[in-house]
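First up is the structure itself, then whatever we jot down about it.
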Amino acid sequence: MECMASKISAAVFLCAFLMTAVSFAAGDGEKWIASQPKLYTVKERARFNRFLGELHRRFPTLEGRMRALALARVGTPYSLGCLGEEKPPDQKPFFRVDVTDCTVFVLTTLAMAHGSTWDEARELMKKLNYHNPPMVGTKTVSYQNRQHFTYERLHSCPFFADITASLAAPSVCGKATVTLNRKSDGTKLLDIPWEKEVTALYIPAAQVDEKLVAKLPSAAGVAFVRKKNFSLGIVVSHEGLVIDRKWLFHANSISKKVEKRSFLDYLSENSDYFDGVIFSRFY
């Protein structure tokens, strides 16, 4: 019995040590992020690459890197529609971190979580932001082949997976059939040769509570649904990241910057605007 007690004691000590070590590592990592310049201010490519390389070394998991990058990007100025193909009809940069909107924030954060250099992250945007295989012609990177609709990306891009159905019972969820890119008058929202009818499942805002959020991965995507925009051929009207099953990181068009705040508080305060949410996992 003494031998068994000794083994149990040793096991408890080891468990406590490991938990403390993980806690210290998380704390050290957050201190390191806080000690770095805000990512949107880093202009020199070599300095940017050093930051990403060290971030990948310090945070070995994808979710850990997503969390660290979200923290590093707080304060990034907001600019709607700030990515393009660097050629007509949209000549804005293909990849950037100096400004962002809500969708660009999610995409570029995931790109950097996978790519440990500027060039690697930029290259990954071809898979994150464009249809593969392309919808039109043979070139993937074009305005016509861009993933303009978040809902479609969540169901066609292998780096995302819609996990909404696993979080709430079907009887609780809302459901809507929407033809993406087709307005209620039959015209297209965007001038691209694509539209698609989808049946979207979402969790009503009133059904989202701490118990449900506790089921999320430590870094999850959240897409906000607004019924009023279904008539425009849109399911998702805003998106961001939910980190540590508590914090919302998103590019806010009102405050004009990336902000961190309580996810449940934000959803409650905007329940008259957003009707529900769709959650996703990153790969």
Side-chain angles (χ1 to χ4, degrees), residues 77-111 122 124-162 164 174-202 221-241 250-254 256 270 273-278 280:
Y78 182 93
S79 179
L80 180 63
C82 55
L83 288 188
E85 288 72 41
E86 301 176 357
K87 60 185 178 183
D90 193 339
Q91 300 189 61
K92 291 187 286 296
F94 180 64
F95 174 74
R96 66 193 308 179
V97 297
D98 58 324
V99 295
T100 191
D101 63 23
C102 67
T103 294
V104 170
F105 174 67
V106 173
L107 292 175
T108 53
T109 298
L110 186 55
R122 176 185 165 87
L124 194 68
M125 292 297 291
K126 295 178 182 178
K127 299 178 180 179
L128 295 176
N129 203 24
Y130 296 88
H131 288 274
N132 290 282
M135 313 184 294
V136 181
T138 58
K139 293 184 178 180
T140 301
V141 178
S142 68
Y143 179 82
Q144 289 76 17
N145 285 323
R146 194 193 303 173
Q147 289 271 20
H148 291 280
F149 296 86
T150 298
Y151 187 83
E152 171 65 11
R153 171 174 27 94
L154 297 182
H155 292 84
S156 64
C157 178
F159 290 84
F160 298 84
D162 185 341
T164 305
K175 186 181 292 187
T177 299
V178 178
T179 299
L180 300 176
N181 200 38
R182 185 199 293 170
K183 297 190 286 186
S184 57
D185 63 5
T187 62
K188 289 182 180 295
L189 177 68
L190 300 177
D191 186 20
I192 57 175
W194 181 88
E195 61 181 49
K196 183 177 181 180
E197 183 178 282
V198 300
T199 299
L201 198 71
Y202 63 92
V222 59
F224 296 86
V225 173
R226 191 182 189 209
K227 292 180 182 178
K228 188 174 181 179
N229 286 340
F230 291 168
S231 63
L232 299 175
I234 297 172
V235 172
V236 174
S237 297
H238 184 50
E239 62 183 304
L241 307 175
H250 69 136
N252 191 329
S253 62
I254 305 300
K256 298 297 182 183
N270 291 277
Y273 189 84
F274 297 121
D275 297 287
V277 293
I278 297 169
S280 59

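For this chain, numbers begin at 1 and follow the sequence in order. Heavy-atom basis, side chains included; hydrogens, waters and symmetry copies ignored.
- Between Arg153 and Glu239, at least one side-chain nitrogen of the basic residue sits less than 4.0 Å from a carboxylate oxygen of the acidic one, meeting the salt-bridge criterion.
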Inset, instruction - Test side chain to side chain contact (heavy atoms under 4.5 Å, CB included) on His148 and Leu189 and set out the steps. - result: CA-CA 11 Å; His148 291 280; Leu189 177 68; over 6 Å; no

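- The CG atom of Leu180 sits 6.5 Å away from atom CD of Glu152, with the distance rounded to the nearest 0.5 Å.
- Minimum heavy-atom separation, Ala251 to Cys102: CB-N, 3.6 Å.
- At least one donor-acceptor pair under 3.5 Å links the side chain of Tyr151 to the backbone N or O of Thr199.
- From Leu190, atom CG reaches atom CD of Gln144 across 11.0 Å, with rounding to the nearest 0.5 Å.
- One N or O on the side chain of Asn132 and one on the backbone of Tyr130 form a donor-acceptor pair closer than 3.5 Å.
- Residues forming a salt bridge (Lys or Arg N to Asp or Glu O under 4.0 Å) with Lys127 (at least two apart in sequence, or on another chain): none.
- The heavy-atom pair separating Tyr143 from Asp191 by the smallest distance is CE2-O, 4.5 Å.
- The CG atom of Leu201 lies 7.5 Å from the CG atom of Asp162; values are rounded to the nearest 0.5 Å.
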Inset, instruction - Could you check Arg226 against His238 for side chain to side chain contact (heavy atoms under 4.5 Å, CB included), going step by step and ending with a plain yes or no? - result: CA-CA 9 Å; Arg226 191 182 189 209; His238 184 50; over 6 Å; no

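- Environment of CZ in Arg122: crowded, with over 12 heavy atoms of neighbouring residues, nucleotides or ligands closer than 6.0 Å.
- We find the SG-CG distance between Cys82 and Asp90 to be 10.0 Å, quoted to the nearest 0.5 Å.
- Within the structure, salt bridge (charged side-chain N to carboxylate O under 4.0 Å, His left out) pairs that include any residue of residues 98-107 comprise Arg96-Asp98 (at least two apart or interchain).
- When the shell of 6.0 Å around NZ of Lys92 is examined, it contains more than 12 heavy atoms from other residues, nucleotides or ligands.
- Residues Met125 and Ala111 share a closest heavy-atom pair of SD-CB, 3.9 Å.
- Between Glu86 and Pro93 there is a side-chain heavy-atom pair separated by less than 4.5 Å.
- Evaluated for a side chain to side chain contact (heavy atoms under 4.5 Å, CB included) with Phe224, the options Thr150, Asp275, Val277 yield exactly one hit, Val277.
- How far CG of Leu110 is from CG of Asn129: 11.5 Å, rounded to the nearest 0.5 Å.
- Side-chain contact between Ile278 and Val235 is present, with at least one heavy-atom pair separated by less than 4.5 Å.
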Inset, instruction - Verify side chain to side chain contact (heavy atoms under 4.5 Å, CB included) between Gln147 and Leu107, making sure each step is shown before the conclusion. - result: CA-CA 11 Å; Gln147 289 271 20; Leu107 292 175; over 6 Å; no

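- In this structure, the ring pair (Phe, Tyr, Trp, His ring centres under 6.0 Å) partners of Phe149, at least two apart in sequence or on a different chain, are Trp194.
- In this structure, the side chain of Asn181 does not engage the main chain of Lys188 through any donor-acceptor pair within 3.5 Å.
- Closest non-hydrogen pair, Pro134 versus Gly137, comes out as CG-O, 3.7 Å.
- Within 6.0 Å of NZ on Lys87 lie more than 12 heavy atoms contributed by other residues, nucleotides or ligands.
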Inset, instruction - May I have the step-by-step check of side chain to side chain contact (heavy atoms under 4.5 Å, CB included) for Asn252 and Tyr78, ending in yes or no? - result: CA-CA 7 Å; Asn252 191 329; Tyr78 182 93; 6.0 Å; no

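- Counting only distance, with no hydrogens or angles, the side chain of Asn145 and the backbone of Met135 share a donor-acceptor pair below 3.5 Å.
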